[in-house]
Enquirer: 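Got a structure here, written out as structure tokens. Questions coming.
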Amino acid sequence: MTMRETIMRNATRFERRPALPGLATGVAILLASLLASPAARAADVEEGRAIAERWCASCHLVSREQETATDEVPTFHAIAARGDLSGETLTAFLADPHPVMPDMALTRDEIADLASYIDSLAD
Ligand code: HEC
């Protein structure tokens, strides 16, 4: 194969690469994120659970299914069962975390979701 043929082949291969699926995916992601983040929204327990599993489960037991966490750290069920920590107090605590906890810079929506998730664990 001559150099010219090789170049032409590569050029064709390049042109055939479909540009559309990438674009369509981008638009879909953009739409999804626009739909998912309206300015004000109700706290979402499922979202709170996902945040808890991602950010809190290394230390806390955040659900009944989770089997291991750090000793001496209250489980989310224990926290939920406490009368003094729910709704507003929980929201205030999470906005300004306990010194032994890393400051996770949670957004107000994430805090509201977490607080309602933890509240949902109270039996
Ligand atoms: C690095 C470990 C660590 C991580 C990560 C962590 N915590 Fe904690 N958390 C602790 C410890 C330790 C305590 C107990 C503090 C104490 O009793 O003095 C605690 C206590 C709490 C309490 C009870 C506060 C109180 O007044 O007794 C709440 C509520 C809480 N954590 C929520 C969360 C949430 C929500 C997350 C995830 C966003 C999280 N924690 C992530 C270590 C952690």
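Residues take their numbers from the sequence shown, with the count starting at 1. Keep in mind the model is a prediction, meaning the values are calculated, not measured. When a ligand or atom number is given, it counts from 1 through the structure's own listing order.
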Enquirer: Below 4.0 Å from any atom of ligand 1, is there a heavy atom belonging to Ala52?
Expert: no
Enquirer: Using a 4.0 Å cut-off to any heavy atom of Pro74, which atoms of ligand 1 qualify?
Expert: 13 (C), 14 (C), 20 (C)
Enquirer: Has Cys56 got an N/O/S atom less than 2.8 Å from atom 8 (Fe) of ligand 1?
Expert: no
Enquirer: Give the atoms of ligand 1, by number and element, whose distance to some non-hydrogen atom of Ser58 is under 4.0 Å.
Expert: 5 (C)
Enquirer: Does the Thr89 side chain pair with the main chain of Asp84, one donor and one acceptor, at a distance under 3.5 Å?
Expert: yes
Enquirer: Would His60 count as a polar contact of ligand 1, with the cut-off being nitrogen or oxygen pairs under 3.5 Å?
Expert: yes
Enquirer: With backbone taken as N, CA, C and O and side chain as the heavy atoms from C-beta onward, which portion of Leu94 lies under 4.0 Å from ligand 1: side chain, backbone, both, or neither?
Expert: side chain
Enquirer: Closer than 4.0 Å to some heavy atom of Leu85 - which atoms of ligand 1 meet that?
Expert: 23 (C), 24 (C), 25 (C), 26 (O)
Enquirer: Which atoms of ligand 1 sit under 4.0 Å from any heavy atom of Leu90?
Expert: 29 (C)
Enquirer: Short question: side chain of Tyr117, backbone of Asp44 - any donor-acceptor pair under 3.5 Å?
Expert: no
Enquirer: Just by distance, do the side chain of Glu46 and the backbone of Asp113 share a donor-acceptor pair under 3.5 Å?
Expert: no
Enquirer: Among the heavy atoms of Arg82, does any lie under 4.0 Å from an atom of ligand 1?
Expert: yes
Enquirer: Going by the order shown, which atoms of ligand 1 are within less than 4.0 Å of some heavy atom of Cys59?
Expert: 1 (C), 2 (C), 3 (C), 4 (C), 5 (C), 42 (C), 43 (C)
